[in-house]
K.L.:
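Just dropping this structure here.
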Amino acid sequence: MTAAKTILSMDMVSKSYGALKVTDALSLTLGEGEALGVIGPNGAGKSTMFNLIAGGVAPDEGKVFFDGKDITGMPPFERCKAGIGRSYQIPHPFEGMTVFENLLVGARFGGDLSEAQAYDRCVAVLDQTGLLPKANVRAGSLTLLERKRLEMARALSTNPRVLLLDEIAGGLTEQECHSLVETIQQIHASGTSIIWIEHIVHALVAVVSRLIVINFGAKIEEGEPKAVMESAAVREIYMGIEVDDAAA
Amino acid sequence: MADIPAYAVSRATRSSRIGMAIGLIVLIILATAPWWAGRADLRLLIEIFYYLALAQLWNLLAGYTGLVSVGQQAFVGLGGYTLFALAAFGGVNPLAAIALAGVVAAIFALPTAFLVFRLRGAYFAIGTWVVAEVYRLGFAQVSALGGGSGMSLPADVVRSIADGRQAREWLVYWVALIIVLAAMAIVYALLRSRQGLALTAIRDSEPASESLGVNTYRTKLVIYIAVAFATGLVGALIFLQKLRISPDAAFSVNDWTAFVIFIVVIGGIGRIEGPIIGVIVFFVLRELFVDFGAWYLMLLGAVAVVIMLLAPRGLWGLLTDRWDIQLFPVRRALVVKETKDSG
C-alpha cells in the first residue's frame, strides 16, 4: 500500500466475548509516518481494535507486530514504552491530579524522561494542544470536551511513534474542530504515525491519506478516502441503501 | 518543540512552610514528653502514635494505591507474634526483634499478595479479611505461643529492654515516636517522588496508568509489601508496649482496621494531612465517650455517618475546599511566566 516501512500491523486477529465475535480475522498495516482513518458504525469493534493494539485486550487468535517485533503477549505499559500512545473513547482522566500532573505520568513513565525533561515535554504538549491555561486545574473538574483533549495530550506526553486517537472530534463546534484538525496535522507532520477512529468524516479526511471501514469486527473496505466513502459498502452501512436497490 | 513558553514548577506553598515550622515545634514538645508528661499520658501518646502510623500506612495503601484492604490486622498480628516468639524463645533483644518483625510480615505478605491480588474492589477487601482470619485461627493452634489464650512477654525479656520500668517506658515511647515519624517521612517522600505520581494515577484509573507506561501490578505489589513491612513493625511495637499478646487481640479487625479506616475516612482519604486530623478526632471522641460503654462504638459509627454526609472528602477535604492549604505539598504547580503570543 505504502512505500514506507511498516511500523504497526495486525495479522488475522480475532477476539470473541462468548458468542459475540467483536474482531473477526482483522488484518491491517500502518506505514511509518502514515495517517490512517477508521470508520464504522457503533459497536463495529473499532475501540476493541485499539485495545488489541495497545494491549488492554488479548486476542484469541492472530498476532500484533510493532516495529518488526511480535508484541501480542506484551503488557500495555511495555507497549506504551515501546512507542504506542492511545486515547480512550470514554475519557479516563486522573481526576484527583491536575492536567499538568496527568501529562507528567505519561512523560515520566511512558516517555521515560527525567523530571526536568518531563516538565519541558509536558509544557510543550500543553501548549500544542491548547491546554496550557488549564494546567493547574484538577482533571476531575474538566468538561467532556476538555477531557477528550486531555486524552490526546496525555498520549502525546509519552512521545509516541504511533498515536491511536479514539473519537476525539465529536461534539466540537466547527471552529474547535478546525483547530483540532490543525493540531493533529502538526503532530502528523512531526513524524508521528496516526490511527484515528472518527465519525466526523470531514475532519478525518483532512488528515488521513487512507481509510478503512470496519463492520461486525471485520474490515470491509480499504483505500483512498474519497473512493472508500463512495463505495457501495459504505453507502449501505451509512445510508441503508441496498446495492441492488441502488442499481435498480 | 524547542519553542516552549517560559515556566517554573513550584512544589512548596506558603502554608506548607508555616506547617513545617509548626510541625517542628510540635515535634520538640513530643520528643521531650517523658520529662513533662505523666505515665498515663505517655501511654496515651504511644497509642496515638501507633494509630497515626497505621492510618498513614492504610492511607497509602487504600487512599493512593487503591488497595482497599480490610486485612491489615494480619500484619499487625504477625509483627506482634514475631516479636514475642523471637524475644521469648530466640533470645533476641526485643528492640532488634521489632525490625525482624517487619521482615517477617513482609515475607508473609508476598504469598498473601499473590492470593488477594487476583481479586478486585470489594472482593479484594473481603479476601484480605479472610486471609487475616486464617492467620488468627492459625496462631490459635500454636500451643508454644499459648494457643487461643495467648502469652505474656517473660519477665527476664521485659527486664532486658532497659533498666527499670521508667527507663523501659521512656524507651518504648521514643521508639514509637521514631516509628511514626519515619512512617510519615517515608510516605511523604514516596508521594513526592516519581513513584508517587504512579500511585496517585493508579488510584484514579488503573487502565489509563497502564497505557501511559506505568507497571501497575509491580507498583501495587511493592507498595503492598512495603506497607506490610511497616505494619509489622508497628504491630511489634504495639505488643511490646502491651507486654501480652493473644490471637484475638493481635488479629483484631476492630482495633487494627476498623478504627484505622474510621480515622482515615473522617480525616480525609488520599491526603497525608487526613490521618493527622482523623487521629485527633478519634482520640477526642474516645476520651469523651469513655463512660458510655457499649454505646461508644455506636456513637463512633454515628459520627462517621454524619461526617461522611457533610464532608464526603473528610474534614481535611472540607478545609481545603475553603482554603488552599497544604501542609505536605505533593503537588507540582506549573507557573507559566509568559506565553508565546503575549510576548
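Each chain gets a letter, A, B and so on, in the order the sequences are listed, and its residues count up from 1.
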K.L.:
Taking atom types as modelled and ignoring hydrogens, do the side chains of Tyr88(A) and Ser205(B) form a donor-acceptor contact shorter than 3.5 angstrom?
P.N.:
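There is no such pair (donor and acceptor under 3.5 Å, judged by atom type) between the side chains of Tyr88(A) and Ser205(B).
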K.L.:
Below 4.5 Å, heavy atoms only, C-beta onward: do Asn102(A) and Asp204(B) meet side chain to side chain?
P.N.:
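With C-beta onward as the side chain, the pair stays apart.
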K.L.:
Check whether more than 12 heavy atoms from other residues, nucleotides or ligands sit under 6.0 Å from atom CD1 of Ile18(B), and answer yes or no.
P.N.:
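Count over threshold, so yes.
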K.L.:
Any heavy-atom pair between the side chains of Leu132(A) and Pro5(B) that's under 4.5 Å?
P.N.:
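They are in contact (side-chain heavy atoms under 4.5 Å apart), so the answer is yes.
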K.L.:
Output yes when Glu115(A) and Arg194(B) qualify as a salt bridge under the 4.0 Å nitrogen-oxygen rule, no when they do not.
P.N.:
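No salt bridge links Glu115(A) with Arg194(B).
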K.L.:
Please give me the minimum heavy-atom distance between Gly96(A) and Arg331(B), naming the atom from each residue.
P.N.:
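Heavy atoms of Gly96(A) and Arg331(B) come nearest at O-NH2, 2.7 Å.
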K.L.:
So how far is it from Glu95(A) CD to Thr200(B) OG1, rounded to the nearest 0.5 Å?
P.N.:
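Reported to 0.5 Å precision, the distance equals 14.0 Å.
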K.L.:
Is Tyr7(B) reaching over with its side chain to a backbone N or O of Asp120(A), donor-acceptor style, under 3.5 angstrom?
P.N.:
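Flag set: sc Tyr7(B) to bb Asp120(A) pair under 3.5 Å.
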K.L.:
Any heavy-atom pair between the side chains of Val105(A) and Leu197(B) that's under 4.5 Å?
P.N.:
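A side-chain contact under 4.5 Å exists here.
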K.L.:
When you look at OH of Tyr217(B), are more than 12 heavy atoms from neighbouring residues, nucleotides or ligands closer to it than 6.0 Å?
P.N.:
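Correct, the count exceeds 12.
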K.L.:
So which part of Arg108(A) gets closer than 4.5 Å to some heavy atom of chain B, the side chain, the backbone, both or neither?
P.N.:
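When you check distances to chain B, atoms from both the backbone and side chain of Arg108(A) fall under 4.5 Å.
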K.L.:
Should Phe94(A) and Leu212(B) be marked as a side chain to side chain contact (heavy atoms under 4.5 Å, CB included) after you check the CA-CA gap, both sets of side-chain angles, and the distance that decides it?
P.N.:
CA-CA 11 Å; Phe94(A) 303 131; Leu212(B) 289 173; 3.6 Å; yes
K.L.:
Non-hydrogen contacts under 4.5 angstrom with chain B: give the residues of residues 64-82 of chain A involved, or none if there are none.
P.N.:
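Near chain B, by residue number: Pro75(A), Pro76(A), Phe77(A), Cys80(A), Lys81(A).
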K.L.:
Minimum heavy-atom separation for Ala198(B) to Phe109(A), with atom names?
P.N.:
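Result for this residue pair: CB-CZ, 3.4 Å.
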K.L.:
Heavy-atom distances under 4.5 Å only: say whether Val9(B) touches chain A with side chain, backbone, both or neither.
P.N.:
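Answer is side chain: those atoms of Val9(B) sit under 4.5 Å from chain A.
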K.L.:
Does NZ belonging to Lys15(A) count more than 12 external heavy atoms closer than 6.0 Å?
P.N.:
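Enclosed.
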K.L.:
Establish, yes or no, whether the cationic atom of Arg332(B) lies under 6.0 Å from the six-membered ring centre of Phe100(A) and within 45° of the ring axis.
P.N.:
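The answer is no, since Arg332(B) fails at least one limit relative to Phe100(A).
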K.L.:
Would you give the length of the straight line joining atom CG of Leu334(B) to atom CG of Asn136(A), rounded to the nearest 0.5 angstrom?
P.N.:
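Result: 5.5 Å between the selected atoms.
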K.L.:
More than 12 non-hydrogen atoms from neighbouring residues, nucleotides or ligands closer than 6.0 Å to NE2 on His178(A), yes or no?
P.N.:
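No, because the 6.0 Å sphere around NE2 of His178(A) holds 12 heavy atoms or fewer from other groups.
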